[in-house]
Amino acid sequence: MGRVRQKECDSCHISSKLLYRVQIDSSQQWQFMCPNCWQQVSDNNPHYVYGGTWKAKKRH
């Protein structure tokens, strides 16, 4: 049974069980975005880079 964790979206600051690790601007800094914010920053963004998915419930 996995452990459950919490993390905030770096954009809207709301806790989410699922966050996407992304780069969204020329700073190349990694940020965690909830699905709602991720949808807004990923569309037509030349700086967008996907870096994985963070989940509240880990397998181990």
Side-chain angles (χ1 to χ4, degrees):
M1 188 167 180
R3 60 186 173 112
V4 177
R5 306 170 301 158
Q6 288 190 335
K7 196 175 200 72
E8 272 187 10
C9 172
D10 287 330
S11 182
C12 69
H13 305 288
I14 294 174
S15 291
S16 180
K17 293 180 180 180
L18 177 72
L19 296 169
Y20 300 106
R21 183 175 177 251
V22 296
Q23 293 177 357
I24 59 169
D25 56 31
S26 60
S27 73
Q28 297 182 330
Q29 296 293 313
W30 290 107
Q31 299 181 41
F32 287 97
M33 299 279 174
C34 69
N36 289 334
C37 293
W38 167 78
Q39 187 69 42
Q40 295 172 19
V41 300
S42 63
D43 290 342
N44 300 315
N45 183 342
H47 300 289
Y48 174 77
V49 177
Y50 172 76
T53 302
W54 180 90
K55 297 175 184 172
K57 189 172 183 179
K58 275 185 83 90
R59 287 189 205 171
H60 306 297

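For the single chain, residues carry numbers from 1 onward in sequence order. These figures come from a predicted structure and were not determined experimentally.
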Checklist entry - From Arg21 CZ over to Met33 CE, what is the distance, rounded to the nearest 0.5 angstrom? => result 12.5 Å
Next on the checklist: If I take atom SG from residue Cys37 and atom CG from residue Asp10, how far apart are they, to the nearest 0.5 angstrom?
Outcome noted: 9.5 Å
Checklist entry - Would Cys9 and Ser16 satisfy side-chain contact (heavy atoms from CB on, under 4.5 Å), going step by step from the backbone distance to the final call? => result CA-CA 7 Å; Cys9 172; Ser16 180; 5.7 Å; no
Next on the checklist: Applying side-chain contact (heavy atoms from CB on, under 4.5 Å) to Cys34 and Ser11, what does each step give before you reach the verdict?
Outcome noted: CA-CA 8 Å; Cys34 69; Ser11 182; over 6 Å; no
Checklist entry - Apart from Phe32 itself, what residues make up its hydrophobic cluster when side-chain heavy atoms of I, L, V, M, F, W and Y under 4.5 Å apart count as a link, directly or indirectly? => result Leu19, Trp54
Item to check | Hydrophobic cluster (4.5 angstrom, side-chain heavy atoms) - remaining members for Val49 | outcome: Trp30
Of all residues at least two apart in sequence or in a different chain, which pass the side chain to side chain donor-acceptor pair (under 3.5 Å) check with [X]?
X     : answer
Asn36 : none
Thr53 : Tyr50
Ser26 : none
Gln39 : Asp43

Next on the checklist: Can you list everything that forms a side chain to side chain contact (heavy atoms under 4.5 Å, CB included) with Glu8? Sequence neighbours excluded, please.
Outcome noted: His13, Ser15
Next on the checklist: Quick check: do Ser42 and Val22 have side-chain heavy atoms less than 4.5 Å from each other?
Outcome noted: no
Checklist entry - Between the side chain of Asn45 and the main-chain N/O of Ile24, is any donor-acceptor distance below 3.5 Å? => result yes
Checklist outcome for this item: Closest non-hydrogen atoms of Gln28 and Gln23, given as atom of the first, atom of the second and distance, are O-NE2, 3.2 Å
